[in-house]
> 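Before I ask anything, let me first share the structure, which is written out below as structure tokens.
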Amino acid sequence: MSTRPTESDALAVLREVEQRVLWLSAAVVHHANRVRPNTTGLKVGGHQASSASMVTIMTALWFEHLRAGDRVSVKPHASPVLHAINYLLGELDQRYLTTLREFGGLQSYPSRSKDPDPVDYSTGSVGIGATAPIWGALARRYVDAKGAGTGAGRQYSLVGDAELDEGAVWEAVLDPMVAELGELVWIVDVNRQSLDRVVPNIGVTRLQGMFAAAGWQVLTVKYGRVLQELFERPGGDALRRRIDEMTNPEYQRLLRCSPEQLRERLPAGDAALQRLVAGLDDDTLHTCVRNLGGHDLDALGEAFGAIDDTRPTVVFAYTVKGYGLASEGHPQNHSSLLTDEQFGELAARVGAAVDAPWERFAPGSAPARLCAAVAERLRRDPVVPTPVPEIPADIGRTPSGTATTQAALGRALLDLTRSAPEAAARVVTLCPDVSSSTNLGGWVNKVGVWSAAERPDWFDDDPETILHWRERPEGQHVELGIAETNLVGLLGELGATWSRWGEPLLPIGVLYDPFVERALEPWSFGIYAGGQSILVGTPSGVTLAPEGGAHQSITTPSVGLEQPGCTSYEPAFAIDVEWTLLAALARLGRPDGTSAYLRLSTRPVDQSLAAVPGDPAARERRRRQVVAGAYPLVRASGTPAVTVAAMGACVPEALAAAARLEALGHPADVVCVTSPGLLFEAVQARAGQGSSESWVLDAAFPARRAAPMVTLLDGHPHTLAFLAGIHRVRAAHLGVTRFGQSGDLDAVQSHHGLDADTVVRAALDLM
């Protein structure tokens, strides 16, 4: 006996579109692997099964519910579905459908910056793309609070259930600000499979409770109309109970069973269920075990219509991985590909043609009219970026006395509010609960803390309160909890507002440098996605001596050197902080912009050691060298016997060692390195391996002064080791290569060989 309900005309049209999306997404992967010539023999890859589980969800979302102001983050392995939909809506040229994972073609995962069709969020790094709409929502609220008028819209995340294993997801969900974001909607593709296996335990109930505890609305779309009708029949309660209670692997095995096997396995000895199953024809029985809510357009529509826009919402949509394909439900179908025969069977079932896979709907047909109407509904006006106000290259102040580069950051930001108020108004700073300990207190007191609504500062009248926490929409500082992944996630989205809404911001994230590596992967992904920002790591290295090995950073200097799309600086003096910060700010919020990483220190340094030239022309020459990567700090009289190239907090030791070497009759040049990355680019350019300018090498390391070299930094010594290759000189490289321990600064520097004694010995050994 069949129980299949009849479909309305509108639903039938939508189902036709859904089947075409399934076909196109499978065909995109099939062509890349089985049709396009592959001379290398390397697997091209793609995810037909992961795409198939999302087809109904994405069809319902795009063709019924999505609006132009909405933004969607698509799970990485469903990128072919996104491209198929964009193609049907006229947003992707047909020639790209044959280019999945081809050089210059469709990317393996959705990419805002590299795909030829509209992509709202880059995904691919599991957990990062899922959380991006959270930070996108906050970024939009921030620019709206400044009067930008970006409009309204939901922020959707299409998430695989296995993706919820990532800790980044829960760090984001638990941030206190997130519970107020009613525009957030997560749709979880509950297909019970990860890459290698069927997930053994039923985890949705636990996940539902975790989201609910975080203040989210939780909706579940578990069963389709066929199963819901069966549940109303005699024995239906037993059927529901049987499906609800069976393990994921047992359920998954049923998807691979014939009707005869289902009649044997499904009842599991229950007499009422046995009678219900016995009354079903083979087609209905085959349909019912896979009739889940995530493949039911009506059920999905009801869930989307029930979304509460006053709080975040998560929709758990049960699906079958590989739904509609020959591989559906197989535990190893994650990267499996349809054979040519199976591909032909799919074409016959959905009404497509293998020899003409990219056919659109016939002009004037109901599906074609639906696609045209949806394309019109989702059309967005082009983004016209507002230029960033001019940022001064030099504020003109010369720091004196003793200061740290960390403190210089806060001072430079305050100076910017006076010298360039329009530019300063675009600055937004972020911290993971370390504003006061990173010397941003003065800045926070000046500009206030951002909040969507004003909140009372109950300590405003307390005379002993130094850091004033005034929360209001006009504020320019955002404070997050202690989760570095959240910090850089928001940093990336604030750095993308220039391209999303034409409103550039100048975002600066400040965190302890030891935790830069914890934040590196999501920050790097944010840069890849087009987010331009400044990351400040402070305090850094072993110069925070009493904190010991638990709070030291060894490899971050080389991380900054190697990070694409980022210029790294490690200034030695307060004036260097100002100049490099201003240069980094000037590169943000524009199509050709880049991010920056500043590594700062809490070591107090006598600022007179910077020897800033008093002559305006000489000062500007120094500034240009600082921003370009290095400058000569000491030039020995005559020909130098040795060059000491030092960076950051170790420059005082280099100067002390040079003075002692001079006294011993060995004149020494001292070069202050501010950016090893820029110097390396200059070296590469000189060798014909890049387009960067190389003049800074002649200014800092002229050939006529080539001498044996000692490099020195509070980090791994290989960061500066390439400098010896500029003129192929003998060299010794000093730095930190092992975990440290607590102590006073002199003892710790001596322990790691960062002291003047070690520099002198290394120089003498070279000579």
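Positions are given from 1 along the sequence. Scope of the values below: all heavy atoms of this structure, side chains included, with no hydrogens, waters or symmetry mates.
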> Quick check: closest heavy atoms across Thr538 and Thr438, and the distance to 0.1 Å?
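That would be O-CG2, 3.7 Å.
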> If we ignore hydrogens and angles and just use 3.5 Å, is the side chain of Arg603 paired with the main-chain N or O of Gly648 as donor and acceptor?
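Pair absent, no side-chain N/O of Arg603 close to backbone of Gly648.
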> List the steps and the verdict of salt bridge (charged side-chain N to carboxylate O under 4.0 Å, His left out) for Arg761 and Asp765.
CA-CA 6 Å; Arg761 285 196 297 269; Asp765 287 344; over 6 Å; no
> Is there a side-chain contact between Ser122 and Phe525, using heavy atoms and a 4.5 Å cut-off?
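Yes, side chains in contact.
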> Under a 3.5 Å distance rule, please check whether His727 uses its side chain to pair with a backbone N or O of Phe701 as donor and acceptor.
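Yes, the answer is positive, given that a donor and an acceptor are paired below the 3.5 Å cut-off.
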> Gln607 side chain to Ala574 main-chain N or O, any donor-acceptor pair under 3.5 Å?
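Yes; at least one donor-acceptor contact below 3.5 Å.
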> Does Asp698 pair with Arg686 as a salt bridge, N-O distance under 4.0 Å?
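A salt bridge is present here (some side-chain N lies under 4.0 Å from a carboxylate O).
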> Counting only heavy atoms from other residues, nucleotides and ligands, does the tally under 6.0 Å from CZ of Arg619 exceed 12?
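Count over threshold, so yes.
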> Are any of the side-chain heavy atoms of Asp513 and Tyr597 separated by less than 4.5 Å?
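Asp513 reaches Tyr597 side chain to side chain.
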> Check the orientation of His551 and Phe515. Use parallel for under 30°, tilted for 30 to 60°, and perpendicular for over 60°.
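Perpendicular: the ring planes of His551 and Phe515 meet at over 60°.
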> Is the side chain of Ser694 donor-acceptor paired with the backbone N or O of Ala685 at a distance under 3.5 Å, no angle test?
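The answer is no, because no donor-acceptor pair under 3.5 Å joins these two groups.
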> For Arg738 versus Gln552, what's the shortest heavy-atom pair and its separation?
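Closest approach of Arg738 to Gln552: O-NE2, 3.4 Å.
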> Say whether, by atom type as modelled, one donor and one acceptor occur between the side chain of Asp714 and the main chain of Val542 under 3.5 angstrom.
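Flag set: sc Asp714 to bb Val542 pair under 3.5 Å.
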